[in-house]
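Reviewing the structure listed below.
Here is the naming used below: chain letters follow the sequence lines, and residue numbers restart at 1 for every chain. Since the structure is predicted, the reported quantities are computational estimates derived from the model, not experimental observations.
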Protein chains: 2
Amino acid sequence: MSRPTVNDIAREAGVSLATVDRVLNARPGVRAKTVSAVQDAVARLGYVRDMAAANLARQRRYRMVAALPDGDSQFVETLAEALTEAAQSAVTARMELEITRYPAEDAHALAALLGRMAPQDVAGVAVMAPETPVLRDAIRGLKSKGIPVIALASDLPSTERDHFVGIDSRAAGRTAAVLMGRFAGAASGQILAVAQSMQLRDAIERRRGFDEVMLADFPGLEVLPTLETHGSDATLRAVVTEALRHARDVRGIYLLGAGHRALAATLADLGLTGRFVVIGHELTPHTRRALLAGHIDAIITQNLGHLARSTLRVLRAKADHAPIDEAQEQLRVEIVLRENLPPDQ
Amino acid sequence: MSRPTVNDIAREAGVSLATVDRVLNARPGVRAKTVSAVQDAVARLGYVRDMAAANLARQRRYRMVAALPDGDSQFVETLAEALTEAAQSAVTARMELEITRYPAEDAHALAALLGRMAPQDVAGVAVMAPETPVLRDAIRGLKSKGIPVIALASDLPSTERDHFVGIDSRAAGRTAAVLMGRFAGAASGQILAVAQSMQLRDAIERRRGFDEVMLADFPGLEVLPTLETHGSDATLRAVVTEALRHARDVRGIYLLGAGHRALAATLADLGLTGRFVVIGHELTPHTRRALLAGHIDAIITQNLGHLARSTLRVLRAKADHAPIDEAQEQLRVEIVLRENLPPDQ
DNA sequence: AGATTTATGAGGTACGCACCTCATTTCGCG
DNA sequence: CGCGAAATGAGGTGCGTACCTCATAAATCT
């Protein structure tokens, strides 16, 4: 009736509790034959370890670290908040999460930070950073110490990261494109693409997905070369103003990265508010307000709460050398309009 | 350093462990002054009960029941699957979920089912059913026995249900409307609305939200009176064919309930596939295929995995008389297009 | 003040599991 | 066959909490 316990397994397998324990925890000193006898009993009874009791007994604490770039990015702030919140409900699972900031763009500082970590006090690390050779080496160093590493929000595929938690940027770009094409509702015209920098993997991937769909499904709409703002509002204003002067039939603006506020201000000053379909990424307080104000038509985003919880689950699984339920960790590409904007908090 | 335990509380409050236990578990026989002394200590030390250990010791099992309508609804099937899956990972939390089916449309059968439940073997009930006086009484009965009840997917606001788990149908309808209006991309025309029955609260609410947005933002588009199919494919075919004959400028079809397959077949037979914007609700294997095939342009849905997990969390909280984290239980109105269709499973 | 009720303390057992020690059995091998 | 090594058993302790009993202390009433 009730769930079988280790004692039931011992009885069923005809061995002692000590042996069951040795097998379950992969401790040495058990003959192969005995191991399989125990495993058979486990399978037969459908035993599942009571993780709560196991953790209680194990008395182990998991100190995880998340390394996020410093700076004033709303996305990073929102992500940090989500992580903090997720960490709170993870205390019951004996997990703690320390959120560390490193100077953005400073790969060496990040590498130094990661280099200082020791397996005895860090059970796993989540890193959000652009891919650089320096970081690649730092991650290799962590791995060689036996510390699991996962990439957060932005993937690091060429490194030895154990996992990536975040959405597929290309799929996000494709989704943005469908909405752009259908909302624009025009057979022809031009689309402005604006990004912080086309060096960032996310922006590249989004643009790629965007182009794929635009070319295939909305061939009449021409997506102009990506304008780069380098994180400066002034630059954004300048390049967008310039682009709008030249391109006379612009139907939409695709914001691959940040800059929603600067764009809204620029369009307002040009008296063009509401004239284009504007589609952006990531739901933050800024983009939320922009959606409500009608300055943005749609936001393609991921649920940061899920992302945060997934991060902790994956870190934990990696620390325990346990398998990951890929299906559960799959994050959806979400579409947010004013009408389905989730309530704040 | 580590989390404080009940022993720390006892020491801090200057009382014995037994008294701390009495206070924490709201057992009688403690003076008000002592109670607050303990509570102060809890607050001072920031004690949080180790739920894992508590449940282990409590040795309590939570048997929950979900009552779903019988029949061949894909939505109900998918929901049942999600509940089953969520229940599997809830065994660690000592919860079991029994999914019971009752004859759809038979409020008395459901009421009888609920009436048989006793507090000693049922810790909480989730009900998905239309609101009827019979059900209202049955829920009142459960509540008087001390069994918490929550409404699943479809709300029962006029009953004494403890909670509703599901999305706001009106918001879902509003979202459908924005997409319809923008995808249709026409200043004028007509929209067909098709529902199983306009007796169902969900359909009414969706239609209300849909109308609100259409009237306000797309005044040129006229939403025709809802066609009712009563769950019959033949009826759907008949009423839609008839409606399309009369209305000459139809731009879109809004499916408030089930019937995606019948609609696709009907449109195919009329040679009208792809001529209208089709928007529906709830992601199921059927609607997934329809999206992929291009028979549907968008699906407004809720994440059934979240719904299922939320259901269990809320039931548990209610059974424990614990507070609910409203923010976490908030389900989002999700928009699914072909491009952001989540991978199957 | 004495009797009675009410609060509190002390201490134990259990939950399912991890992890330890030490004795005993079984195995492999020369 | 005998020996050392490897495998296994028996039994204990502790994790943080619930819940129980019984004794004792304190408050309350007459």
(message) Can you tell me how far apart CD (A:E96) and CZ (A:R61) are? Round to the nearest 0.5 Å.
(response) 5.0 Å
(message) Between P on D:dG9 and CZ on A:R22, what's the gap in Å once rounded to a whole number?
(response) 8 Å
(message) Just to verify, which of A:T19, A:L45, A:L17, A:D21 counts as forming a side-chain contact (heavy atoms from CB on, under 4.5 Å) with A:I9?
(response) A:L45
(message) How many whole angstroms separate atom CZ of B:R58 from atom C1' of D:dC20?
(response) 16 Å
(message) Between B:D155 and B:R161, does any side-chain N to carboxylate O distance fall below 4.0 Å?
(response) yes
(request) Identify, between B:A53 and A:L17, the residue whose nearest nucleotide on DNA chain C lies closer to the 5' end. (result) B:A53
(message) Heavy atoms from C-beta onward define the side chain here; which of C:dT8, C:dA18, D:dG16 lies closest to that of B:T34?
(response) C:dT8
(message) Can you measure A:L56 atom CG to D:dC15 atom C1' for me and round it to whole angstrom units?
(response) 4 Å
(message) For a quick test of reading the model, state the closest non-hydrogen atom pair linking A:P69 to A:R101 and the distance between them.
(response) O-NH1, 3.5 Å
(message) Please tell me if B:T5 has a side-chain N or O lying less than 4.0 Å from either OP1 or OP2 of D:dG16.
(response) no
(request) Return the nearest nucleotide to the side chain of A:A18; candidates are D:dG9, C:dT8, C:dC17. (result) D:dG9
(message) Nearest whole Å is fine: how far is C:dA18 P from A:R27 CZ?
(response) 7 Å
(request) Under 4.0 Å between any heavy atoms, over every strand shown, what does A:N55 touch: base, sugar-phosphate, or nothing? Just pick one. (result) nothing
(request) Report the distance from atom CG of A:D21 to atom C1' of D:dG14, rounded to the nearest whole Å. (result) 14 Å
(request) Report the nucleotide, chosen from C:dG9, C:dC15, C:dC17, that has the shortest atom-to-atom distance to any side-chain atom of B:A57. (result) C:dC15
(message) Rounded to whole Å, please give me the gap between CZ in A:R61 and C1' in D:dG16.
(response) 12 Å
(message) Can you measure B:R31 atom CZ to C:dT5 atom C1' for me and round it to whole angstrom units?
(response) 13 Å
(message) Base, sugar-phosphate or nothing for A:A54? Non-hydrogen atoms, less than 4.0 Å.
(response) sugar-phosphate
(message) Does C:dG9 have OP1 or OP2 under 4.0 Å away from a side-chain N or O of B:T19?
(response) yes
(request) Round to the nearest Å and state the distance from A:N7 atom CG to D:dA10 atom P. (result) 12 Å
(request) Might you work through the salt bridge (Lys or Arg N to Asp or Glu O under 4.0 Å) test for A:R3 and A:D8, ending with a clear yes or no? (result) CA-CA 9 Å; A:R3 289 173 56 191; A:D8 301 324; over 6 Å; no
